[in-house]
Amino acid sequence: MKAVRLFPPSYSEDHQYYSRTRACFLSAVEAIMKLTDNVLRSFRVAKVFRENSDKINCFDFSSNGETIISSSDDDSLVLYDCQEGKPKRTLYSKKYGVDLIRYTHAANTVVYSSNKIDDTIRYLSLHDNKYIRYFPGHNKRVTSLSMSPVDDTFISGSLDKTIRLWDLRSPNCQGLMHLQGKPVCSFDPEGLIFAAGINSEMVKLYDLRSFDKGPFATFKLQYDRTCEWTGLKFSNDGKLILLSTNGGALRVLDAFKGAIIHSFGGYNNNKCVALEASFTPDSQFVMIGSEDGKIHVWNAESGMKVALLDGKHTGPITCLQFNPKFMTFASACSNMAFWLPTIDD
C-alpha cells in the first residue's frame, strides 16, 4: 500500500483543495483511523480563518461535528462549516458582548454569557438571529457554562460565588448554590452528575437529582498559589476530570477517587492566560495550546508527552477542542485554525 498524504508540503489553505481532501477525509479516515501517538504527531493546519479582529474567547462544535461556532472579544459570533471548510455566517452581540458560547441540542440555537453591561445568559436562534429567552440572576461575570448532554438543562458558575441550574424552557433559575469561592463547573458525559471546582483547591461532585442535599463526594487538592483554575472537563468515558489553569500546569484527576493522576506542564504561559485544555473524544489524550502558538499533547494514561504541534498562531491559543465525530480539531487565538492528519502507511 502506498503512502497517502492529505496535504502537500505547503499545507495549502486553498478552499478547493481543502474541500477535495475533506470529502476523502470524512468518508474514509473516520472509518479506518484511530488516534495514536503517530497520528497525533501528523496533524497539520489545513485552513486558517481571519474573521476576527480580537481574541476568540470560546468556540463549540455541534454534536454531529459538522459545524463550529465561535465567540470573540470583538462581539461577533462566527459559524463555520467543518465539512466545507469555510465560514457560513457572522452575527453580532455589540450591546452585551459574547463569551462562553455553547450549542444546545438543536444545531441552530446557542446559549452564551455576556461580558458587557450585565451578566445575563442569552439563548439565541441562529436561524433568524433572535433571542429566544434570557436567563438573569448572576451579578458578576459568568466563568463557566455547561449544557447537559442529555436534556435542556444547563449550569452556570460565576464570580458571584454561585452555581445556577437552568432549563432552556424557563427564564427562572431552577436551582441555586451558594459557595465559599468562585467556581468552575461541568456536567459529566451522562448528564447525571456535575462537578464544581471551588477556589482552585476543591472539587465537589453533585447528583443532579438531589444537588440541594450537598455533594456526594469532595476532593481536596493542594492549593497552588501560582495559578487559578479556569476550566473543568470530564473525559468522554467519565473516568477522568481535567482541570485547566491560568498558569503553566494542568491536572488530571481520577473522577471516582479524586486522586491526581497526572500534572502536565512545560508549556509557555508566562502572561497567565486562561488556556483551554481538552481531552480527545476517545479519552486517551490531553491537549492544550500555549502562549507561543504551539500545541502540547500527552497520553492521559501514561502521562508521556506524545506530540508538539506548531500552529503558527499570532497569539496565545486560548481555545482548543477536538471534533466530537471526525478526525479533526480546531485551535484559536484571534484566528481560527482547522487541523487534519497526514496519513502515512
Side-chain angles (χ1 to χ4, degrees), residues 57-63 71 99-105 110-113 121 135 138 141-159 161-168 173-177 179 181-209 211 215-219 221 228-246 250-258 260-261 274-281 283 286-288 300 318-322 324:
N57 52 44
C58 188
F59 64 68
D60 195 32
F61 281 100
S62 61
S63 59
S71 58
D99 197 357
L100 298 177
I101 195 159
R102 302 284 186 263
Y103 274 108
T104 69
H105 294 291
V110 294
V111 292
Y112 64 82
S113 65
I121 297 167
F135 304 96
H138 288 298
R141 184 169 64 89
V142 176
T143 54
S144 289
L145 198 58
S146 177
M147 280 296 307
S148 166
V150 297
D151 58 26
D152 288 333
T153 304
F154 68 97
I155 54 176
S156 57
S158 166
L159 293 180
K161 299 181 182 179
T162 67
I163 288 177
R164 290 177 179 262
L165 178 67
W166 309 89
D167 189 303
L168 287 174
C173 177
Q174 305 294 300
L176 174 61
M177 300 168 54
L179 307 168
K182 53 186 178 181
V184 289
C185 56
S186 180
F187 278 102
D188 83 321
E190 295 183 349
L192 298 176
I193 68 171
F194 63 89
I198 303 169
N199 250 7
S200 302
E201 61 181 352
M202 191 179 303
V203 175
K204 294 178 179 286
L205 301 182
Y206 296 85
D207 187 315
L208 184 62
R209 297 159 295 185
F211 68 90
F216 65 85
T218 298
F219 310 136
L221 281 70
E228 295 181 344
W229 298 352
T230 55
L232 183 154
K233 294 181 181 181
F234 281 88
S235 58
N236 277 346
D237 60 11
K239 296 178 180 180
L240 303 172
I241 292 174
L242 177 62
L243 291 169
S244 52
T245 74
N246 61 358
L250 60 151
R251 294 174 174 175
V252 177
L253 310 183
D254 183 305
F256 302 102
K257 300 178 181 178
I260 298 175
I261 299 175
L275 303 174
E276 181 180 21
S278 295
F279 288 105
T280 52
S283 306
V286 173
M287 312 173 69
I288 193 169
T318 49
C319 305
L320 177 65
Q321 291 179 33
F322 214 97

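Here, residue 1 is the first one in the sequence, and each next residue gets the next number.
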According to ring-ring contact (aromatic ring centres under 6.0 Å, His included), who are the partners of Tyr103, at least two apart in sequence or on a separate chain?
none
Not counting sequence neighbours, which residues clear side chain to side chain contact (heavy atoms under 4.5 Å, CB included) with Ile198? List them please.
Leu179, Ala196, Lys204
If the condition is side chain to side chain contact (heavy atoms under 4.5 Å, CB included), which residues does Leu205 pass it with, not counting sequence neighbours?
Ala195, Val203, Phe216, Ala217, Phe219, Phe234, Ile241
Measure the spacing between [atom1] of [X] and [atom2] of [Y] and express it to the nearest 0.5 Å.
| X | Y | atom1 | atom2 | value |
| --- | --- | --- | --- | --- |
| Leu243 | Leu240 | CG | CG | 11.5 Å |
| Ile163 | Ser146 | CD1 | OG | 10.0 Å |
| Arg251 | Leu232 | CZ | CG | 12.5 Å |

Determine whether [X] and [Y] make a side-chain contact, defined as any pair of heavy atoms from C-beta on separated by less than 4.5 Å.
| X | Y | answer |
| --- | --- | --- |
| Ile155 | Arg164 | no |
| Val142 | Leu100 | yes |
| Phe135 | Leu168 | yes |
| Leu221 | Leu253 | yes |
| Tyr112 | Ile121 | no |
| Asp60 | Gln321 | yes |

[X] to [Y] - nearest heavy-atom pair and separation:
| X | Y | result |
| --- | --- | --- |
| Leu145 | Ser113 | CD2-N, 4.1 Å |
| Gly231 | Val184 | N-CG1, 3.9 Å |
| Pro324 | Ser62 | CG-O, 3.5 Å |
| Phe279 | Lys233 | CE1-O, 3.8 Å |

Side-chain donor or acceptor of [X] paired with backbone N/O of [Y] under 3.5 Å:
| X | Y | value |
| --- | --- | --- |
| Ser278 | Leu320 | yes |
| Asn236 | Pro281 | yes |
| Ser144 | Cys185 | yes |
| Asp254 | Phe256 | yes |
| Ser158 | Arg141 | yes |
| Ser71 | Asn57 | no |
| Asp152 | Asp167 | no |
| His105 | Asp151 | yes |

Would you please test Thr280 and Phe322 for side-chain contact (heavy atoms from CB on, under 4.5 Å) and show each step?
CA-CA 6 Å; Thr280 52; Phe322 214 97; 3.9 Å; yes
Lys239 vs Ser283, side chain to side chain donor-acceptor pair (under 3.5 Å): CA-CA, chis, key distance, verdict
CA-CA 9 Å; Lys239 296 178 180 180; Ser283 306; over 6 Å; no
Side chains of [X] and [Y]: donor-acceptor distance under 3.5 Å anywhere?
| X | Y | answer |
| --- | --- | --- |
| Ser156 | His138 | yes |
| Lys182 | Thr143 | no |
| Trp166 | Thr153 | no |

Under the side-chain contact (heavy atoms from CB on, under 4.5 Å) criterion, do Val286 and Leu250 qualify, and how do the steps go?
CA-CA 10 Å; Val286 173; Leu250 60 151; 3.6 Å; yes
I'd like to know whether CD of Glu190 has more than 12 heavy-atom contacts from other residues, nucleotides or ligands below 6.0 angstrom.
no
Can Cys58 and Arg102 be said to form a side-chain contact (heavy atoms from CB on, under 4.5 Å), step by step?
CA-CA 9 Å; Cys58 188; Arg102 302 284 186 263; 2.9 Å; yes
Stepwise side-chain contact (heavy atoms from CB on, under 4.5 Å) test for Leu192 and Leu208:
CA-CA 6 Å; Leu192 298 176; Leu208 184 62; over 6 Å; no
